Amino acid sequence: MIETERLYIRPLPYAQLLKYSLADRSLEQELNVKALPAELSPDLKEALETSILTNVAGAGSDYLYFTLWNIVLKSRREMVGDLCLMGRPDAKGTIEIGYGIHEAFRGYGYMAEAIAGLIGWAAGRPEIRAICASTEKDNLASQKVLTNNGFLLQSASGTLLNWRLELKSVASGPIKTSGPDPAVSGEL
């Protein structure tokens, strides 16, 4: 788990990820957090069904590189969004991330803080040397999240902008991290 000033960021092991995908509020009950009224987006639902669940089931101890990392606002004990890594580091040590925040929590800096926490975690892992991400060209908020965390624009393709952060120049910020416990089942 990663802890920042306002957030807990928890990688979901397979059993919790399965509960998340059911969208039946069982994960919120297990984690003792408030349920959101929102449903899973069609894109996230498809990704869970077609790749994320299968990849996490077969990843063993490497599940961190395939699962959703759930973001919880400490003060309100509410799920505000998710991060994910798109697989293990490539031959050059690069990982790709994706992220999303529930609409009610946009504009408060939570995602920028969560990305900063993930950067701190990644900087402590010798196999990770860089992080990349893509944003839609018209998604200024997502671009700001990345630029606020030191990502540099690398290229544009179609409707996407491609970003990269080299970790060798990143100093860890004021975050706490602890190793994920696959058996974690309860309160944050």
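Computed from a prediction, not measured in an experiment: that's the story for all the values here. The chain is numbered in sequence order, starting from 1.
In plain terms, the two heavy atoms of Thr4 and Gly117 that are nearest each other are CG2-CA, 3.9 Å. What you find for Pro126 and Gly124 is that their closest heavy atoms are CD-O, 3.7 Å.
Contact annotation: the side chain of Pro89 approaches that of Tyr65 to within less than 4.5 Å [non-hydrogen atoms, C-beta and beyond]. The shortest side-chain heavy-atom distance between Phe151 and Thr135 does not fall under the 4.5 Å cut-off. In this structure, the side chains of Leu118 and Leu85 come closer than 4.5 Å at one or more pairs of heavy atoms. Side chains of Leu7 and Leu73 form a contact here, defined as non-hydrogen atoms less than 4.5 Å apart. Side-chain contact between Ile95 and Cys132 is absent, with no heavy atoms from C-beta onward closer than 4.5 Å.
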May I have the step-by-step check of side-chain contact (heavy atoms from CB on, under 4.5 Å) for Trp69 and Trp121, ending in yes or no? CA-CA 12 Å; Trp69 293 60; Trp121 172 84; 3.8 Å; yes
Given the rule in the side-chain contact (heavy atoms from CB on, under 4.5 Å) test, do Leu18 and Leu27 qualify, once you have shown the distances and angles that lead to the verdict? CA-CA 9 Å; Leu18 188 57; Leu27 179 62; over 6 Å; no
Start with the C-alpha distance between Lys74 and Glu5, add both sets of side-chain angles, then the distance that settles salt bridge (Lys or Arg N to Asp or Glu O under 4.0 Å), and finish with yes or no. CA-CA 9 Å; Lys74 292 178 188 179; Glu5 182 180 341; over 6 Å; no
side-chain contact (heavy atoms from CB on, under 4.5 Å) between Ile97 and Leu83, worked out: CA-CA 7 Å; Ile97 62 169; Leu83 298 167; 5.6 Å; no
For Glu96 and Ile131: C-alpha separation, side-chain torsions, deciding distance, then whether side-chain contact (heavy atoms from CB on, under 4.5 Å) applies. CA-CA 6 Å; Glu96 182 178 356; Ile131 302 173; over 6 Å; no
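Counting only N and O atoms by type, the side chains of Tyr20 and Asp82 include a donor and acceptor under 3.5 Å apart. Between the side chains of Ser142 and Tyr99, at least one donor-acceptor pair of N or O atoms lies under 3.5 Å. With 3.5 Å as the limit, one finds no donor-acceptor pair spanning the side chains of Trp163 and Ser134. No hydrogens or angles considered: nothing links the side chains of Ser41 and Asp43 as a donor-acceptor pair under 3.5 Å.
In terms of modelled atom types and a separation under 3.5 Å, the side chain of Thr147 and the main chain of Gln143 share a donor-acceptor contact. Listed for the Thr67 side chain is a donor-acceptor partner under 3.5 Å among the backbone atoms of Leu12. Panel note: side chain Arg129, backbone Lys92; a donor-acceptor pair is recorded below 3.5 Å. No donor-acceptor distance shorter than 3.5 angstrom exists from the side chain of Lys144 to the backbone of Ala112, with no hydrogens or angles considered. For Asn55 (side chain) and Ser51 (main-chain N/O), a donor-acceptor pair under 3.5 Å exists by modelled atom type. In this structure, Arg164 contributes its side chain and Ala130 its backbone to no donor-acceptor pair below 3.5 Å.
With sequence neighbours left out, the side chain to side chain contact (heavy atoms under 4.5 Å, CB included) criterion links Ser61 to no other residue.
Note on Ile9: it does not cluster hydrophobically with Met86, by side-chain heavy-atom contacts below 4.5 Å among ILVMFWY residues. By the rule that hydrophobic residues join a cluster once side-chain heavy atoms approach within less than 4.5 Å of another member, Ile52 and Leu40 end up as members of one cluster. Residues Leu153 and Ile115 fall within the same hydrophobic cluster, defined by Ile, Leu, Val, Met, Phe, Trp and Tyr side chains chained together at heavy-atom separations under 4.5 Å. Taken together through direct or relayed side-chain contacts under 4.5 Å among Ile, Leu, Val, Met, Phe, Trp and Tyr, Tyr108 and Ile71 form part of one hydrophobic cluster.
The structure places CD of Glu78 at 9.0 Å from OH of Tyr110, a figure rounded to the nearest 0.5 Å. The CG atom of Leu17 sits 5.5 Å away from the CG atom of Leu48 when rounded to the nearest 0.5 Å. Taken to the nearest 0.5 Å, the CD1 atom of Ile119 stands 4.0 Å off from the CG atom of Asn149. One finds the CE atom of Met111 at 8.5 Å from the NE2 atom of His102 (value rounded to the nearest 0.5 Å). Atoms CE and CG, from Met1 and Asn70 in turn, are 11.5 Å apart once rounded to the nearest 0.5 Å. Atoms OG1 and NZ, on Thr159 and Lys137 in that order, are 7.0 Å from each other to the nearest 0.5 Å.
One finds no salt bridge joining Glu28 and Lys19 here, because no Lys/Arg side-chain nitrogen approaches an Asp/Glu carboxylate oxygen to under 4.0 Å. The residues Arg6 and Glu113 are annotated as salt-bridged, a charged nitrogen and a carboxylate oxygen being separated by less than 4.0 angstrom.
In Glu127, the CD atom is crowded: over 12 heavy atoms of neighbouring residues, nucleotides or ligands sit closer than 6.0 Å.
Tested against Arg10 for a side chain to side chain contact (heavy atoms under 4.5 Å, CB included), the candidates Leu31, Leu68, Val72 yield a single pass: Leu31.
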